[in-house]
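Have a look at the structure below before the remarks.
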2 protein chains.
Amino acid sequence: MSEGDLDQALALQARITAFVRAFGLHQPDRTPCGTPVPTSEAHAVGELDRDGPLTQSMLGERLRLEKSTVSRLVSQLTGRGWVRRADRDGDARLVWLELTPDGRRAAGELAVARAARFAALLRNIPAEQRPVVIDALTALVDAAAASDVTGAARG
Amino acid sequence: MSEGDLDQALALQARITAFVRAFGLHQPDRTPCGTPVPTSEAHAVGELDRDGPLTQSMLGERLRLEKSTVSRLVSQLTGRGWVRRADRDGDARLVWLELTPDGRRAAGELAVARAARFAALLRNIPAEQRPVVIDALTALVDAAAASDVTGAARG
DNA sequence: GATCAATGGTTGTATGGTCGAACTAATTGG
DNA sequence: CCAATTAGTTCGACCATACAACCATTGATC
């Protein structure tokens, strides 16, 4: 690896660190979008809203969370009345999760808040640079997934 | 805001969400770089290593953390023997923080691990795209800072 | 100079988050 | 029919954060 590569790695690190802080990704009890909903719950509801009924392990895979964590998360969501644990014909071990009407409403509101937050973010990026930023993030995500040692092995 | 803008906001949201998950930013007790050091401690040590002695409030400002959180964080670090609370001439309210020799060593090791992790990330991005990605992240960080409502007002 | 507001930190309390290990129940394969 | 696997639950340990109440110091005002 050359000097330039190291410089790039350091630059990348600084940017990502800065972004995490600036975007408020540290607050567990609020989404960065300002909604007073715990982040993890927002993520879970979002997945369920987008991709219909899921089992807990499917959800855990998407969120990259351990099954015990998912179990608790789901309990919180059912307690909130947003998610229902529905039994289905077939494998009786599986717990199928689906949003309740309340959950769908909440998911919608969260989506709106999120869109507003990201729209605000976009407004602060020069218009001509926006597609570039999005493409760059795509590359970054792919790279993260490809270079992920810990996450894939865990769980 | 046009339709295209909304699409872009959604795309941006999806990418960032995906990155947070893929990069393992959810683990509080490990850095995403694989070191068994709590993330917040790693951040604090990094700041102190880079920018010399800091007061607690200065550190909190950089990390975007509330003063009580910083106080506890610093206690952990002193307990670990990485940070020293040094008194200095001048304002007696201020607590100046500096790394111990052990702390400097730890900071170095963390920096190495971090660099390795980010280098791995970079390797999975086509070489010609790397500068673009870094520039894009810069724009993103600036935008996040500019569009930050919650963070600036908090604390 | 005495008083009182502002500033920097600490401690207490309440949430929220994550994992790994031990355990149960259901399924699948020999 | 029993063993290994798979899906989830519960428990324990740890980490992260904020807000409020409190203390000490400082600095400004009178």
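In what follows, every heavy atom counts, from backbone to side chain, and hydrogens, waters and symmetry copies are set aside. Only a predicted model underlies this, so the values are computations on that prediction, with no experimental measurement involved. Reminder, nothing fancy here: chain letters follow the sequence lines and each chain counts from 1.
Side-chain contact between L77(B) and L97(B) is absent, with no heavy-atom pair separated by less than 4.5 Å.
Heavy atoms of L73(B) sit nowhere under 4.0 angstrom from any nucleic acid atom. Across all strands shown, G60(B) has no heavy atoms under 4.0 Å from either base or sugar-phosphate atoms. Using a 4.0 Å heavy-atom distance criterion, T69(B) is classed as a base contact.
E66(B) has its CD atom 12 Å from the P atom of dT10(C), to the nearest Å. Following rounding to the nearest Å, L77(B) (CG) and dT10(C) (C1') show an atom-to-atom distance of 16 Å. We find that CG of L65(B) is positioned 5 Å from P of dT17(D), with the value rounded to whole Å. The CG atom of L54(B) sits 15 Å away from the C1' atom of dG8(C) (whole-angstrom rounding). Between the CZ atom of R64(A) and the C1' atom of dC19(C) there is a distance of 16 Å, rounded to whole Å. To the nearest angstrom, P of dT9(D) lies 9 Å from CG of L97(A).
A salt bridge does not link R64(A) to E61(A): none of the charged side-chain nitrogens sits closer than 4.0 Å to a carboxylate oxygen.
At the phosphate of dA16(D), OP1 or OP2 sits under 4.0 Å from a side-chain N or O atom of Q76(B). Residue S71(A) places no side-chain N or O under 4.0 Å from the OP1 or OP2 atom of dG8(D). Between Q27(B) and dC15(D) there is no side-chain polar atom (N or O) within less than 4.0 angstrom of OP1 or OP2. H26(A) has a side-chain polar atom (N or O) that falls below the 4.0 Å cut-off from OP1 or OP2 of dT17(D).
When each of A92(A) and W96(B) is assigned the nucleotide of DNA chain C bearing its nearest heavy atom, the one mapping closer to the 5' terminus is W96(B). Position along DNA chain D of the nearest nucleotide to R80(B) versus S68(B) favours R80(B) as the more 5'-ward residue.
With T17(B) as the partner, the side-chain hydrogen bond (donor to acceptor under 3.5 Å, both in side chains) test is satisfied by one option alone out of R15(B), R21(B), Q13(B): Q13(B).
In summary, the aromatic rings of F23(A) and F118(A) are positioned with their centroids under 6.0 Å apart.
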Side-chain donor-acceptor pairs under 3.5 Å in residues 103-111 of chain B, sequence neighbours left out?
unit_1: R104(B); atom_1: NH1; unit_2: L99(B); atom_2: O; d: 3.3
unit_1: R105(B); atom_1: NH1; unit_2: D102(B); atom_2: OD1; d: 3.1
unit_1: R105(B); atom_1: NH2; unit_2: D102(B); atom_2: OD1; d: 3.2

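Under the rule for a side-chain hydrogen bond (donor to acceptor under 3.5 Å, both in side chains), R88(A) has no partner lying at least two apart in sequence or in another chain.
If you check distances only, the side chain of R72(A) never reaches the base of dG16(C) with a donor-acceptor pair under 3.5 Å.
Ring-plane geometry between H26(B) and H43(A) is classed as perpendicular, the angle between the planes exceeding 60 degrees on a 0 to 90 degree scale with a lower cut at 30.
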Under 3.5 Å, which protein N or O atoms sit close to an N or O of nucleotides 5-7 of chain D? Give each pair with its distance.
unit_1: dT6(D); atom_1: O4'; unit_2: R93(A); atom_2: NH1; d: 3.3
unit_1: dT6(D); atom_1: O2; unit_2: R93(A); atom_2: NH1; d: 2.9

